[in-house]
Novice: 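My questions all concern the structure below.
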Amino acid sequence: MNGRIVEYSIGSLRIKIRVDRKVYMPSTATLCLARNLKVAKGTRVLDLGTGSGFLAILSSKLGAGEVVATDISARAIKAAKLNAILNSVNNIDFKLGSLYGPVESEQFDLIISNPPMTPSRKPLPRYTWGGFDGRAILDEVIRGAPAHLKSDGRLLIPIISIVGIGRTYKLMVESGFKVRVLDYLIHPFGNKLIELMDHLSRLPDSDYIYDSFGRPCWRLLIFEAIKN
Ligand SMILES: C[S@@+](CC[C@H](N)C(=O)[O-])C[C@H]1O[C@@H](n2cnc3c(N)ncnc32)[C@H](O)[C@@H]1O
């Protein structure tokens with residue numbers, strides 16, 4: 001395996017990820033979700049939109065009995081498989097496909113997903129583009145989750161305020177979930193979001209705040225939705 005390798009620490013665990021500039025690398029949202037990830041021993045976990053495989057590999061290391069990791073990108077699936085080998089993890093089943101397509105009739109104890117959520121009129125790279133309002137994939141992940149969770153199963157998902165926190169909470173409740181927030185952080189916009197500010201300011205559910213340096217910042221909440 002060639003390429004630069006980045007090592008991440010989550011508690012006492014170390015995870016190595018090979019850099020591929022066409023595959024989403026673990027981000028602030030990924031790492032915040034990771035720090036809040038608890039996996040009961042032997043359970044079945046779905047990582048929907050696995051990217052580099054980081055959250056699937058972590059779930060395996062935390063004790064999952066079986067992990068299914070899906071992605072719409074063949075390149076991401078290939079990268080994630082190599083990263084699983086790099087981390088000596090061998091109970092992840094990697095499947096190529098969109099949303100719940102690859103796991104049509106399967107149920108899990110836990111679904112984790114960090115869907116692409118950047119709102120933009122024009123297409124962006126698939127690993128980041130969430131459609132016009134950032135919710136194109138997110139809403140489908142939430143609506144489809146109850147059918148793929150066992151009773152008391154959980155959906156763990158980071159929500160960024162530019163796609164609308166209240167609207168996401170409402171959708172989860174309407175989809176039959178009990179919802180709580182596990183963690184919270186504030187993060188300054190990167191260059192891409194600064195370019196998109198005009199568009200964001202016209203989206204009715206989008207919100208952001210300014211920090212003491214005057215920088216626009218998004219808020220990130222880690223939601224845990226428990227199937228009622
Ligand atoms: C924001 S990245 C998150 C990657 C990884 N879970 C993480 O947190 O580091 C979103 C991932 O979802 C994938 N994706 C986009 N649309 C998808 C879809 N319709 N079905 C499954 N995966 C999708 C992208 O290819 C990308 O790898």
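In listed order, ligands and their atoms are each counted from 1. The figures here come from the full heavy-atom set of this structure, side chains too, leaving out hydrogens, waters and symmetry mates.
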Novice: Just going by heavy-atom distances, which of Leu31, Leu99, Ile112 is nearest to atom 20 (N) of ligand 1?
Specialist: Leu99

Novice: Going by the order shown, which atoms of ligand 1 are within less than 4.0 Å of some heavy atom of Tyr127?
Specialist: 1 (C), 2 (S), 10 (C), 24 (C), 26 (C)

Novice: How about Thr50 and Asp71: does a side-chain donor come under 3.5 Å of a side-chain acceptor?
Specialist: no

Novice: So is Thr70 in contact with ligand 1, going by heavy-atom distances below 4.0 Å?
Specialist: no

Novice: Hey, is Lys150 close enough to Asp109 for a salt bridge, meaning N to O under 4.0 Å?
Specialist: yes

Novice: State plainly whether the residues Arg167 and Asp133 are in salt-bridge range, i.e. N to O under 4.0 Å.
Specialist: yes

Novice: To the nearest 0.1 Å, how far is atom 27 (O) of ligand 1 from its closest protein heavy atom, and which atom is that?
Specialist: Asp71 OD2, 2.7 Å

Novice: Which is it for Val23 and ligand 1 at heavy atoms under 4.0 Å: side chain, backbone, both or neither?
Specialist: neither

Novice: Nearest to atom 19 (N) of ligand 1 by heavy atom, Pro116, Ser98, Pro158: which?
Specialist: Ser98

Novice: Taking ILVMFWY side chains as joined if any heavy atoms are under 4.5 angstrom apart, and letting links pass through other members, which residues group with Val23?
Specialist: none

Novice: Hey, does Gly97 sit under 4.0 Å from ligand 1 if you only count heavy atoms?
Specialist: yes

Novice: Please could you name the atoms of ligand 1 that Gly51 approaches to less than 4.0 Å, counting only its heavy atoms?
Specialist: 4 (C), 27 (O)

Novice: In terms of side-chain geometry, is the basic nitrogen of Arg75 or Asp20 positioned less than 4.0 Å from the acidic oxygen of its partner?
Specialist: yes

Novice: Atoms of ligand 1 less than 4.0 Å from Asn114 heavy atoms?
Specialist: 1 (C), 2 (S), 3 (C), 7 (C), 8 (O), 10 (C)

